[in-house]
Amino acid sequence: MTAARGEALDVIANARLTGADRTDPFGADAVDVHLAEGLVVDIAPAGALPRGGRVLDADGAWLIPGLWDHHVHTVQWALSAQRVALGEASSAAHAAALMGAAEALSDGRRVGSGFRDAFWADTLDLALLDAATGEVPTYLINADVHSVWLNSAALRREGFEPDGSGLLREEPAFEISRRLNAVDASVSDPLVARMAQDAASRGVVGLVDLDMSWNEDAWSRRLAAGFDALRVSFGIYPQFLDRAIADGLQTGDAARGAASDLVRVGPLKVITDGSLGTRTAACSHAYPDDPHNHGMITVDLATLVDLMTRATAAGIASAIHAIGDVANSHALDAFAATGAWGTIEHAQLVAHADIPRFARLGVGASVQPEHALDDRDLTDTVWAGQTAQPYPLRALADTGANLLFGSDAPVSPLDPWAAMSAAVFRTHGGRDPWQPAQRVDAATALAASTRGGSAEPARIDPGDIADLAICEHDPLAVDEPTLRGMRIAATLLGGRLTHVA
């Protein structure tokens with residue numbers, strides 16, 4: 001039969017299984033996977049058991065566990081669909097010209113995102129941006145989201161005093177992002193729904209939403225309106241921690257008042273340093289040409305320990321943003337001091353002595369492999385003098401750390417296949433592999449892209465929740481272009497189709 005999105009399946013016929021540490025006897029032979037009440041109830045040789053109910057013929061394609069993106073800024077990623085894409089801007093003047101030619105949004109502002117200025121020959125200059133954009137409030141968000149370039153009209157609108165550049169970094173930049181993201185739900189929710197459907201078409205069944213807002217209300221509203229494409233675990237930022245504790249929120253609980261249990265409470269998210277692109281990631285060695293710049297710690301260790309202690313006592317996990325090696329050391333120290341559980345987000349530069357501490361402390365490494373390729377030239381330049389290990393995927397895996405892959409969308413597109421490809425091959429676009437010693441095997445990459453991360457084998461067993469994806473090729477046995485461009489025939493959430501090609 002032909003199945004449609006929204007229908008619950010009873011059988012996936014003629015599928016093939018893959019994954020490491022399999023215990024089934026089927027090898028590459030076709031199987032039928034029988035489902036009931038949202039679970040996998042049996043796996044049998046193709047045709048061995050009666051195929052009752054709704055049947056989807058996989059036609060020899062490969063069945064894998066559904067994929068997760070463990071780090072998404074959901075609204076900001078969804079809104080990027082209506083923002084000017086600046087990833088190809090080759091200079092400040094080029095970016096300013098792109099914005100000057102853009103149409104204003106319905107609120108009278110122009111917003112662009114994704115520029116990378118590290119290697120631009122010119123500098124971010126307020127007069128340059130004003131000349132190109134005039135009196136229309138104009139905002140350009142850096143690809144790493146840690147800086148925002150505003151023209152004079154935007155600075156006045158937001159209440160900031162102009163300086164020579166118009167550039168805001170770290171918390172002032174985050175405040176601008178929060179304001180830009182605070183659009184009416186009638187605008188944002190349809191874009192979030194479209195984003196979720198696109199994710200489902202890539203085999204995604206869940207994500208960790210780290211938007212900088214009170215996320216429970218927004219997700220309860222979306223569920224009430226019929227959102228059903230993904231599972232969501234939402235983050236809580238420090239300014240909302242007291243509210244979350246007072247309300248009794250605990251990690252893993254279903255969102256209160258929600259129409260379904262698809263949305264659950266996630267971790268406390270704390271940003272403790274800056275970013276590589278903005279040269280604010282806290283590092284042990286100075287940045288080039290500025291011996292006084294070691295980046296910045298934005299949350300000191302005592303404050304971090306206090307936040308994590310209170311979260312842990314309330315049953316809330318911790319997700320600690322740490323990019324530079326100093327920030328990663330501080331984050332690991334805080335986990336050790338508090339007994340907190342959770343993840344370090346990014347872990348882009350880690351001291352060699354700290355790498356085994358992830359596994360010893362049971363701290364997950366929530367990493368974005370595609371960033372390694374986006375930042376390879378920047379890393380080789382800006383972090384050339386660092387002695388810690390950049391993007392240490394293999395080193396972390398070898399010491400037993402649980403890897404959890406994500407995109408940090410909108411920093412990179414929400415695409416787990418791009419993340420897997422970057423982790424396995426460390427290259428894209430025909431370039432030589434970058435730091436190939438830090439590649440991981442495909443089985444590790446696939447597991448890191450599922451809900452439990454690399455600590456759990458990415459296999460399918462009877463009794464599992466039927467969060468599944470059918471892909472064209474075996475992801476453990478393909479080349480870089482095929483893995484990156486993997487096509488998905490169908491995605492199931494609790495046995496219900498969320499995508500059919």
Side-chain angles (χ1 to χ4, degrees), residues 1 3 9-36 38-68 202-205 394 397-398 402-403 405 416-417 419-421 423-425 439-495 497 499-501:
M1 63 168 289
L9 296 182
D10 297 289
V11 182
I12 301 171
N14 299 313
R16 289 186 284 180
L17 304 178
T18 188
D21 300 319
R22 286 169 56 188
T23 58
D24 65 82
F26 303 114
D29 294 339
V31 299
D32 291 346
V33 179
H34 295 260
L35 314 175
L39 301 177
V40 175
V41 294
D42 206 349
I43 304 174
L49 298 176
R51 296 172 176 170
R54 296 186 181 276
V55 180
L56 179 67
D57 190 349
D59 196 25
W62 300 84
L63 188 68
I64 61 170
L67 305 177
W68 274 69
R202 301 173 193 274
V204 175
V205 298
R394 178 63 180 270
D398 283 350
N402 186 28
L403 299 179
F405 286 176
W417 299 102
M420 283 186 265
S421 176
V424 172
F425 296 101
R439 292 187 288 199
V440 300
D441 62 87
T444 297
L446 178 61
S449 300
T450 61
R451 184 171 199 164
S454 65
E456 302 177 10
R459 70 187 191 205
I460 300 166
D461 296 313
D464 289 349
I465 294 174
D467 291 355
L468 306 166
I470 302 171
C471 51
E472 183 179 23
H473 302 284
D474 180 358
L476 305 193
V478 292
D479 58 14
E480 187 269 331
T482 305
L483 185 60
R484 182 173 286 270
M486 185 71 73
R487 289 186 287 186
I488 304 300
T491 306
L492 293 84
L493 191 68
L497 286 163
H499 163 73
V500 184

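Computed over heavy atoms, backbone and side chain alike; hydrogens, waters and symmetry mates excluded.
- For Ser421 (side chain) and Trp417 (main-chain N/O), no donor-acceptor pair under 3.5 Å exists by modelled atom type.
- The minimum heavy-atom distance between Val424 and Arg439, with the atom names listed, is O-CD, 3.0 Å.
- Judged purely by atom type and a 3.5 angstrom limit, Arg16 uses its side chain to pair as donor or acceptor with the backbone of Gly60.
- The side-chain contact (heavy atoms from CB on, under 4.5 Å) test applied to Pro65 returns Thr450, Ala458, Ile460, not counting sequence neighbours.
- In this structure, Asp29 and Pro45 have side chains that are not in contact, with every pair of non-hydrogen atoms separated by 4.5 Å or more.
- Scanning both residues, Asp479 and Phe425, for their nearest heavy atoms gives C-CZ, 3.6 Å.
- Taking the side chain as every heavy atom from C-beta outward, Arg459 and Leu17 never approach each other to under 4.5 Å.
- Once rounded to the nearest 0.5 Å, the distance linking CZ of Arg202 with SG of Cys471 reads 14.5 Å.
- For the atom pair CD1 of Ile470 and CG of Leu56, the computed distance is 4.5 Å after rounding to the nearest 0.5 Å.
- A donor-acceptor pair under 3.5 Å is formed between the side chain of Arg22 and the backbone N or O of Gly27.
- Considering all non-hydrogen atoms of both residues, Ala447 and Glu456 come closest at CB-O, 3.4 Å.
- Taken to the nearest 0.5 Å, the CG atom of Asp464 stands 12.0 Å off from the CZ atom of Arg451.
- Shortest non-hydrogen contact noted between Phe405 and Val440 is CZ-CG2, 4.5 Å.
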Between Ile43 and Asp24, is a side-chain contact (heavy atoms from CB on, under 4.5 Å) present by the stated rule, with each step listed? CA-CA 9 Å; Ile43 304 174; Asp24 65 82; over 6 Å; no
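- Gly203 and Ile488 make their closest contact through N-CG1, 3.8 Å (heavy atoms, listed as atom of the first residue, atom of the second, distance).
- Side chains of Leu35 and Val33 form a contact here, defined as non-hydrogen atoms less than 4.5 Å apart.
- In this structure, the side chains of Val204 and Thr491 stay at 4.5 Å or more apart for every pair of heavy atoms.
- Among all heavy-atom pairs drawn from Leu39 and Gly463, the shortest one is CD2-O, 4.0 Å.
- Remark: the backbone N or O of His34 is not paired with any side-chain donor or acceptor of Asp42 at under 3.5 angstrom.
- How far CD1 of Ile64 is from CG of Asp467: 12.0 Å, rounded to the nearest 0.5 Å.
- Here the CG atom belonging to Asp32 is positioned 6.0 Å from the CG atom belonging to Asn14, to the nearest 0.5 angstrom.
- No more than 12 heavy atoms of other residues, nucleotides or ligands lie within 6.0 Å of CZ in Arg394, so this atom counts as exposed by the packing criterion.
- Enclosure of atom CZ in Arg51 by more than 12 non-hydrogen atoms of other residues, nucleotides or ligands within 6.0 angstrom is indicated.
- Between Leu67 and Leu446, the closest side-chain pair of non-hydrogen atoms falls below 4.5 Å.
- In this structure, CG on Asp441 lies 8.5 Å from CG on Leu476, to the nearest 0.5 angstrom.
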